[in-house]
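Scroll down for the structure; my scribbles are underneath it.
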Amino acid sequence: MPEQHPLVEAITPLVERLNAEVVAPGDARADDIPLVWEGKPVAAVRLPTAGTGEARETSASLAGTAGGSGGVQGLLTEVADELGGPLDQLSRHDKQQAVLMLEARGAFEFRKSAEIVAEALGVTRFTVYNYLNRAR
């Protein structure tokens with residue numbers, strides 16, 4: 001993997017929290033926000049538009065965080081590994097435990113995280129909210 005520019009590395013957590021994506025300078029569109037370092041374009045930030053799910057994937061792959069510490073998806077992967085299998089195949093008790101683990105790690109600080117977690121668990125977002133409320 002090519003070395004990541006320090007500016008891209010520094011803004012990756014912010015970009016993930018905004019559910020935006022980092023794109024290469026050559027792929028930037030007119031409505032993207034250019035990131036310039038010492039007069040040279042390094043990357044651009046593309047803010048999400050309603051109904052698109054591609055922002056997270058592109059940001060994670062360019063930033064080098066896919067599967068590890070990359071936002072909600074990275075946290076889901078970690079929790080699934082700790083609980084020993086795909087989240088949607090866990091028992092109800094283990095799904096509740098997964099939600100608590102995700103909350104403790106800050107997963108619900110991200111936009112649309114309840115929907116993402118619900119899809120991964122194979123439940124509705126209301127079920128995720130119920131799991132969270134039972135623990136409080």
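Scope of the values below: all heavy atoms of this structure, side chains included, with no hydrogens, waters or symmetry mates.
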Return a table of donor-acceptor pairs under 3.5 angstrom between the side chains of residues 31-41 and protein atoms on other chains or two or more places apart.
from  : atom 1 : to    : atom 2 : distance (Å)
Asp32 : OD1    : Arg46 : NE     : 3.0
Asp32 : OD2    : Arg29 : N      : 2.7
Asp32 : OD2    : Arg46 : NE     : 3.2
Asp32 : OD2    : Arg46 : NH2    : 2.8

Using the side chain to side chain contact (heavy atoms under 4.5 Å, CB included) rule, take Thr12 and Glu16 through it: C-alpha gap first, then chi angles, then the decisive distance, then the call. CA-CA 6 Å; Thr12 296; Glu16 288 175 352; 3.6 Å; yes
Closest heavy-atom pair, Ala20 versus Val45, reported as atoms and distance to 0.1 Å, is CB-CG1, 4.0 Å
Is it the case that more than 12 heavy atoms not belonging to Glu119 sit under 6.0 Å from its CD atom? no
Indicate the atoms forming the closest heavy-atom contact of Ala114 with Arg125, along with that distance. O-CB, 4.1 Å
Do Ile116 and Phe110 have side chains that approach each other closer than 4.5 Å (heavy atoms only, starting at C-beta)? no
Identify, with sequence neighbours excluded, every residue that meets side-chain hydrogen bond (donor to acceptor under 3.5 Å, both in side chains) alongside Thr127. Thr124
Minimal heavy-atom distance between Val72 and Ala107, with the atoms involved, is CG2-O, 3.7 Å
In Å, rounded to the nearest 0.5 Å, how long is the span from CG of Asn130 to CD of Gln96? 9.5 Å
Check salt bridge (Lys or Arg N to Asp or Glu O under 4.0 Å) between Arg92 and all other residues, then give those that pass, not counting sequence neighbours. none
Atom CG in Leu18, atom CZ in Arg111: separation rounded to 0.5 Å? 7.5 Å
What's the separation between atom NZ in Lys95 and atom CD in Gln89, rounded to the nearest 0.5 Å? 9.0 Å
If you measure from CE on Met101 to CG on Asp94, what distance do you get to the nearest 0.5 Å? 9.5 Å
Show every ring-ring contact (aromatic ring centres under 6.0 Å, His included) that has at least one partner inside residues 73-101, sequence neighbours left out. none
When every non-hydrogen atom of Ser113 is compared with those of Phe108, the smallest separation belongs to OG-CA, 3.2 Å
Path from Leu75 to Leu100 over hydrophobic side-chain contacts below 4.5 Å: no
Salt bridge (Lys or Arg N to Asp or Glu O under 4.0 Å) contacts in which one or both residues fall within residues 79-89, not counting sequence neighbours: Glu82-Arg105
Contacts of Gln97 meeting side-chain hydrogen bond (donor to acceptor under 3.5 Å, both in side chains) (sequence neighbours excluded), chain-then-number -> none
Taking all atoms of both residues into account, what is the closest heavy-atom pair of Ala98 and Leu87, and its distance? CB-CD2, 4.2 Å
Which heavy atom of His5 sits nearest a heavy atom of Leu7, and at what distance? ND1-N, 3.0 Å
